[in-house]
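A short worksheet on the structure shown next.
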Amino acid sequence: MTYSLPRRLTAEAIGSFFLFAGVIGSGVMAEALAQGNDALALLANTVATGAILYVLIAMLGPISGAHFNPAVTLAFALRREIEIRPALAFVLVQVAAGVIGAFAVHLMFDMPILQFSTKARAGLGQWTGEFVATFGLVLTILVLLRTRAEAIPMAVALYITAAYWFTSSTSFANPAITLARSLSDSFAGIAPADVPGFAFAQLAGAIAATALAGWLVNSGKQED
């Protein structure tokens, strides 16, 4: 079934709101309960993120494709599977709803609604981590879309769960959530000055993954 653009945008807004709130809110809760144990806090943050990702993709994927991420929307635009105007609308909704999700977390936890993170995340290691995290995420989606589409919700949730731990950056893998996390001075935050470096690495990873996925599974021809 093909859904109208307003319904697709609404699905993207709902998904982005709950995904971003899930990441930031679980970080706030984890930090409060872990009593200084960063490994335990990260584990709790990871489990909550993977769980909400599965739910949101399974629920909203049939409506909008469950992008919730400008890097994913870019990949589909490069493949000409979404037109430019809807793609731009997707990105605007992802950012706006995600920022509202961050503000909702602050309201729930009695924190100042408008704030900026002071957590520095910069340097070649962090940028490489974001390139790798986003490359793997987009490759997972695009390859499974052609081979086992029904596995995407679980695969994406499991990939992000793993990438929290094997990447140096803890796998933001999403320019919109990177921006939203810069507006939260909490466990999941990133200093606003470090957002452009992360976003550049994320978009570069998405472009590289789109190119590789096209070569891997899109030719439709069997080679000798």
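Predicted model, so just to flag it, every value in this text is computed and none were measured.
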Q) Tell me, do L183 and S117 make a side-chain contact under 4.5 Å, heavy atoms counted? A) no
Q: Mark yes or no for whether Q115, through its side chain, and P112, through its backbone, hold a donor-acceptor pair below 3.5 Å.
A: yes
Q: Not counting sequence neighbours, list each pair that qualifies as a ring pair (Phe, Tyr, Trp, His ring centres under 6.0 Å) and has a residue in residues 139-167.
A: none
Please report, to 0.1 Å, the donor-acceptor pairs under 3.5 Å made by any side chain of residues 54-63, with sequence neighbours excluded.
none

Q: Under 4.5 Å between side-chain heavy atoms, chaining through other members, with only Ile, Leu, Val, Met, Phe, Trp and Tyr counted: pull out the rest of the cluster around L92, sorted by chain and number.
A: none
Q) Tell me, do V138 and T210 make a side-chain contact under 4.5 Å, heavy atoms counted? A) yes
Q) In chain order, what residues pass the side chain to side chain contact (heavy atoms under 4.5 Å, CB included) check against T170, with sequence neighbours excluded? A) L42, R121, F172, R181
Q: Just grab all the ring pair (Phe, Tyr, Trp, His ring centres under 6.0 Å) pairs involving residues 102-124, residues at least two apart or on different chains.
A: none
Q. Side chains of Q202 and T178: do they bring a donor and an acceptor to under 3.5 Å?
A. yes
Q) Can you get from L179 to F187 by hopping between Ile, Leu, Val, Met, Phe, Trp and Tyr side chains that sit under 4.5 Å apart? A) no
**Q.** CD1 on I14 to OG1 on T10, rounded to 0.5 Å
**A.** 6.5 Å
Q: State whether a side-chain donor-acceptor pair under 3.5 Å links E130 with S169.
A: yes
Q) Less than 4.5 Å apart, any side-chain heavy atom of V93 and any of S16? A) no
Q.
Which residues pass the side chain to side chain contact (heavy atoms under 4.5 Å, CB included) test with A89, not counting sequence neighbours?
A. L9
Q) How about I24 and S186: do any of their side-chain heavy atoms sit closer than 4.5 Å? A) yes
Q. Taking the hydrophobic residues Ile, Leu, Val, Met, Phe, Trp and Tyr, and joining any pair whose side-chain heavy atoms are under 4.5 Å apart, which ones share a cluster with L203?
A. L74, L78, I207
(Q) If you compare all heavy atoms of A180 against all heavy atoms of A102, which two are closest, and at what distance to 0.1 Å? (A) O-CB, 4.1 Å
(Q) Rounded to the nearest 0.5 Å, what separates atom OG1 in T49 from atom CG in L53? (A) 7.0 Å
Q.
Quick check: closest heavy atoms across T140 and G136, and the distance to 0.1 Å?
A. OG1-O, 2.7 Å
Q | K119 (side chain) donor-acceptor with D185 (main chain) under 3.5 angstrom | A | no
Q.
Tell me if a side-chain donor or acceptor on T134 pairs with a main-chain N or O of F131 at a distance below 3.5 Å.
A. no
Q: Report yes or no: do V217 and L212 belong to one cluster of Ile/Leu/Val/Met/Phe/Trp/Tyr joined by side chain heavy-atom distances under 4.5 Å?
A: yes
Q: Grab the two heavy atoms, one from L5 and one from P86, that are nearest each other, plus how far apart they are.
A: CD1-CB, 4.1 Å
Q) Any chain of hydrophobic side-chain contacts (each under 4.5 Å) joining V47 to M29? A) no
Q) Going from CG on L142 to CD1 on I152, what distance comes out if it is rounded to the nearest 0.5 angstrom? A) 8.5 Å
Q. In Å and rounded to the nearest 0.5 Å, what is the OG to CD1 distance from S184 to I190?
A. 12.0 Å
**Q.** salt bridge (charged side-chain N to carboxylate O under 4.0 Å, His left out) contacts in which one or both residues fall within residues 70-86, not counting sequence neighbours
**A.** R79-E81, E81-R146
Q: Would you check if F90 and S64 make a side-chain contact, meaning some heavy-atom pair closer than 4.5 Å?
A: yes
Q. Which of these, L137, V72, L144, sits in a side chain to side chain contact (heavy atoms under 4.5 Å, CB included) with V156?
A. L137
Q: Sequence neighbours left out, what pairs pass salt bridge (charged side-chain N to carboxylate O under 4.0 Å, His left out) with at least one residue falling in residues 149-172?
A: R148-E150
(Q) Show every ring pair (Phe, Tyr, Trp, His ring centres under 6.0 Å) that has at least one partner inside residues 68-87, sequence neighbours left out. (A) H67-F76
(Q) Main chain of A173, side chain of N69: is a donor-acceptor contact present, judged purely on distance under 3.5 Å? (A) yes
Q. If you take all heavy atoms of A87 and A77, which pair is closest and at what distance?
A. CB-CB, 4.4 Å
Q | Same cluster (ILVMFWY, side-chain, under 4.5 Å), I100 and V91 | A | no
**Q.** Exam field: side chain T167 to backbone G129, donor-acceptor pair closer than 3.5 Å
**A.** no
Q. Do V99 and V23 share a hydrophobic cluster, counting only Ile, Leu, Val, Met, Phe, Trp and Tyr and linking them when any side-chain heavy atoms are less than 4.5 Å apart?
A. no
Q. Going by the salt bridge (charged side-chain N to carboxylate O under 4.0 Å, His left out) test, which pairs reach into residues 4-24, not counting sequence neighbours?
A. none
Q: Could you tell me which non-hydrogen atom of I160 sits nearest to which non-hydrogen atom of S171, and how far apart they are?
A: CD1-OG, 3.8 Å
Q: Look up atom CG in N45 and atom CG in D38, then write down how far apart they are to the nearest 0.5 Å.
A: 11.0 Å
**Q.** Residue pairs involving residues 10-44 (criterion ring pair (Phe, Tyr, Trp, His ring centres under 6.0 Å); sequence neighbours excluded)
**A.** none
